[in-house]
Amino acid sequence: MAEKILEVKDLKINFKTDHGVVQAVRGVSFDLERGETLCIVGESGSGKSVTSKAIMGILANNAVVVDGSITYQGENLLEVSEEEFHKIRGHKIGMIFQDPLSSLNPIVRIGKQITEATLINSDKLKQMYEELISKELTAYKNTIAKRNILVAKEKEKYETLRSQKESLLKNKETSGEVKNQIKQEIRDAKALCQSNVAKFNADAKEKLVPLKAALNEKKAFAKTEVAAYKKRITEEHQAKLAYLNEKYQQALAEDNNNVSIQEKKDALSKEYEAELAKAASKEEKQALKKKYVQNLQEYLLTTKSGKLAKEIEDEKIDYVNKLRITRKEAKRKALEIMSEVGIPLPEKRFRQYPFEFSGGMRQRIVIAIALTATPEILICDEPTTALDVTIQAQILELIKKIQRERNIACIFITHDLGVVANMADRVAVMYAGKIVEYGKSEEIFFEPKHPYTWALLSSIPDVDSKERLEAIPGTPPDMIYPPKGDAFALRSKYAMKIDFEHEPPFFKISDTHYAATWLLHPNAPKVEMPKIVSERIKNALAGETLNEPVKEEKKPTTKKSSTAAKASTGTTKKVASKSGGTKTAAKKTASPKNSNKKVKGASLDE
C-alpha cells in the first residue's frame, strides 16, 4: 500500500467581502499518496486554487477557515504556527503558480532568485540547532496557535451575533420590550464570549508551563550539541590541514629540485615570450598572458605539490560547507537544477533577467526555484495556462520527469481535461466549492457518472467526434448565496426535483470511484450519458482494438486512442491503455440511447 503523505478532510473556507460571505470551499476531502499525481479539475471559481493556497498557508487576510483539517506528517497545518509553517512552506511543500512572469521579480537576475532561498537558509549550525529543538518548539508554538484560533472563532461568533441583533435594534418596528430583551441577549453573549476566552487562555497557560520548561531544557541541550559539533569538525579540520601542509612543503621542496619540472616551466615561459614578441595589440598580449598562466597552472596541478595544494584547497572548502552554504555552492546547485529543468547555457542564463526569457523558459525557472529545497509535495496551479500548446507539452513532460526521478507527490490544478488525461493518476472534479466526482483517471474518462463531468467532457474539442460540442449553459452560482440542493442542478438538463431540495451524498461506484449525484440513487430514472461522450469512449476503445496485433491480410492501423487527451493540449495514450476490466465497464455505459433525455423537474420516485 502506498504511503499517504497528505490528507485534506472536510475543508470549509469562507471569504469576508463587502457584499457578504463567499463560501469558496464547502467540505472538500481527499488524500495524496507519495509519488502520485492528483488532478483537481473544474471551472474558474470552483475553489481549486483556494484549496491549494490553504495547503500552502497563503490564504488572503479576509479568508476564514470555518472547519476541516489538512494533515501533513501527523500535524494539522491549519493549527500550526507561522514559524512552523515557514519550515514547511517551500521546503516540504512547493508550489508553481499560473503566471511565471508575475511570480518572478522583473528587476532581479534569475540566478539571485533561484539561490535566494538557499542562501537565506545557508547557516547549517543554525539549521542543526532548530532541528534539535523543533519538536519542543512546535508543541509550544502550536499550543499558542490553537489557543489563538479558538479565541478568534469565539470573538467572531460574538461579533456575528452582535451585528445581527443590532440590525434588529435599528428596526423601527421593534418594540421597546423586545429591544431590551435583545440588549440583554447581547450582554449575555458578550459575557459568554469573555468567559470562554478566559477559559481558553487558562487552559493554554496550564499546558504552556511544562512545554516552556521542556523547550528551555532542549535549547540548552541543543546549544551544547551544536558547540560540540563545531569544535569537533574544527579540530578535525585543523589536524588534517596541518598534516597536508607538512606533506605539501616536502613535496614542494622535491618539485623545486626536479629537473624535468623546471625544464617544462622554462619551455612554457619561452613559448609565451616568443608569442608575446609577435603580438601587436594590447588585447592580444593580455590574451596570451591569460593563456600562459592557465597552461602553467594546469601543469603544476599534475605535480605532487600541485595535487597536495588542490587537496588543501578542497579541505578548506569542505570545512566551510559543513558550517554554511557559500554563494559558490549555492550557484553550483542552481546551475545543476537549471540544467535539470532544461534551461540551455545555464552559466550565461544565470545572470539574465526574467524579461530576457520566453514564457516556457520562465516557467522552467519557476520550477527550478520550487525544486531548490527538494520538496515532498509539489502543487502546480495551472502552470501551463499562459503557454502555447507545444510549450505546454514540454512543461508537462518536464514535471512528469522530475516527479518520477524525485518521487514527488503532485497536486495539479487545472480546467483543461487534456492536461488531466496526460498527467493524472487520480482526478477530483470540483464544482461550486465541492468535489462532485472522485476516482482514478480511467474511471473519470471512461465511466463518468456526474452530469458536470459529462458537461466538461462534452465541451472540449476532439479530432474524431462528429457530434456538435455542447457548451455548459449558464454560469457558476454566486457563492455568497449558494444554491440549495445540488449546486449544478440549475445548469443541468438531467436535474430532478430532489436536486433542488437536497444535496446529494457521495454514491460509491467502486472502491476508488465516487460521485455526488442523485442519478445514482436506486430509485432514480435511468439516464444515459450524452451521445458525444459515449461516442468518444467508443472511438477510444475502437482505436485500442485497432492498435492490437492483426492478421496478415489486414492492414495495421495507427489510430490513437483517448477520450480527452485529443483535446486542446494534444493526444495521449495514457487513459486508453488501461486494463480490460475498465474497457468492459466503459462499454456498458457508452450506449448513446436516450442520451439527450431531459428529466429536469422529475421526482426521484418517478
Side-chain angles (χ1 to χ4, degrees), residues 111-112 114-129 131-132 224-273 275 286-340 345-351 368 371-374 405-406:
K112 185 175 181 181
I114 294 173
T115 59
E116 183 178 21
T118 304
L119 291 172
I120 287 173
N121 300 286
S122 62
D123 191 336
K124 292 186 177 180
L125 294 180
K126 183 180 177 182
Q127 285 182 4
M128 180 182 175
Y129 173 77
E131 285 175 10
L132 287 169
T224 305
E225 284 290 303
V226 171
Y229 169 76
K230 185 179 180 181
K231 182 181 178 183
R232 178 172 57 80
I233 64 168
T234 302
E235 288 175 351
E236 289 174 357
H237 167 67
Q238 290 173 344
K240 189 172 182 180
L241 210 57
Y243 170 74
L244 290 173
N245 277 323
E246 185 180 346
K247 289 195 71 176
Y248 170 73
Q249 294 298 329
Q250 294 172 359
L252 186 63
E254 291 175 13
D255 289 346
N256 287 337
N257 295 324
N258 192 312
V259 176
S260 62
I261 291 176
Q262 293 303 321
E263 287 176 350
K264 181 64 177 178
K265 288 166 68 175
D266 292 341
L268 288 171
S269 179
K270 287 177 182 178
E271 183 184 343
Y272 165 64
E273 289 172 358
E275 290 179 348
Q286 287 177 340
L288 286 170
K289 184 177 180 181
K290 185 177 179 181
K291 182 183 176 183
Y292 165 69
V293 172
Q294 184 178 347
N295 290 339
L296 183 60
Q297 287 176 342
E298 286 177 357
Y299 171 69
L300 290 175
L301 284 174
T302 64
T303 64
K304 191 176 180 180
S305 61
K307 290 176 182 177
L308 282 166
K310 178 70 167 58
E311 201 172 336
I312 289 170
E313 188 63 28
D314 289 344
E315 171 58 28
K316 290 178 180 178
I317 293 171
D318 185 54
Y319 171 69
V320 173
N321 287 336
K322 286 177 181 177
L323 299 177
R324 60 185 173 85
I325 299 174
T326 61
R327 289 186 178 275
K328 186 177 180 180
E329 178 64 12
K331 182 179 179 180
R332 185 193 66 76
K333 286 185 177 181
L335 294 174
E336 194 176 278
I337 291 174
M338 286 171 71
S339 296
E340 185 182 353
L345 304 172
E347 282 278 3
K348 179 184 176 182
R349 296 290 202 171
F350 188 82
R351 291 190 54 77
L371 293 176
T372 52
T374 317
E405 292 173 351
R406 300 190 177 208

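- No side-chain heavy atom of Met338 sits less than 4.5 Å from a side-chain heavy atom of Glu347.
- Looking at heavy atoms from C-beta onward, Arg406 lies in side-chain contact with Leu371 at the 4.5 angstrom threshold.
- Using a 4.0 Å cut-off between charged nitrogen and carboxylate oxygen, Asp266 and Lys270 do not count as a salt-bridge pair.
- The heavy-atom pair separating Leu119 from Ser122 by the smallest distance is O-OG, 2.8 Å.
- Val320 places a side-chain heavy atom less than 4.5 Å from the side chain of Arg324.
- Counting non-hydrogen atoms of neighbouring residues, nucleotides and ligands closer than 6.0 angstrom, the CD atom of Gln286 exceeds 12 such neighbours.
- Annotation: side chain of Ile312 is in contact with side chain of Lys316 (closest heavy-atom distance under 4.5 Å).
- The pair Glu336-Lys333 does not meet the salt-bridge criterion, since no charged nitrogen lies less than 4.0 angstrom from a carboxylate oxygen.
- In this structure, the ring-ring contact (aromatic ring centres under 6.0 Å, His included) partners of Tyr319, at least two apart in sequence or on a different chain, are His237.
- The two residues Lys322 and Tyr229 make their nearest non-hydrogen contact at O-OH, 3.8 Å.
- The NZ atom of Lys290 sits 12.5 Å away from the CG atom of Asn295 when rounded to the nearest 0.5 Å.
- Distance NZ/Lys291 to CG/Leu268: 10.5 Å, rounded to 0.5 Å.
- Pairing each heavy atom of Asn256 with each of Gln262, the nearest pair is O-NE2, 3.6 Å.
- For the atom pair Leu308 CG and Leu301 CG, the distance stands at 11.5 Å (nearest 0.5 Å).
- Ile337 pairs in a side chain to side chain contact (heavy atoms under 4.5 Å, CB included) with only one of the listed residues (Ile114, Thr372, Thr115), which is Thr372.
- No more than 12 heavy atoms of other residues, nucleotides or ligands shown are found within 6.0 angstrom of NZ on Lys230.
- Between Asp318 atom CG and Lys240 atom NZ the span is 7.0 Å, to the nearest 0.5 Å.
- Contact detail for Tyr299 and Ile261: the closest heavy-atom pair is OH-CA, 3.5 Å.
- Shown here is Arg351, whose CZ atom has no more than 12 heavy atoms of other residues, nucleotides or ligands within 6.0 Å.
- Without hydrogens or angle criteria, Lys124 side chain to Asn321 main chain gives a donor-acceptor distance under 3.5 Å.
- Here the closest non-hydrogen pair linking Glu225 and Leu132 is CB-CD1, 3.8 Å.
- The OH atom of Tyr292 lies 10.5 Å from the CD atom of Gln297; values are rounded to the nearest 0.5 Å.
- When all heavy atoms of Thr303 and Leu300 are compared, the closest pair comes out as OG1-O, 2.5 Å.
- Comment: Glu311 does not engage Lys307 in a salt bridge, judged by the lack of any side-chain N to carboxylate O separation of less than 4.0 angstrom.
- Using a distance-only test at 3.5 Å, with no hydrogens or angles considered, a donor-acceptor pair links the side chain of Ser339 to the main chain of Leu335.
- Between the CZ atom of Arg332 and the CD1 atom of Ile325 there is a distance of 10.0 Å, given to the nearest 0.5 Å.
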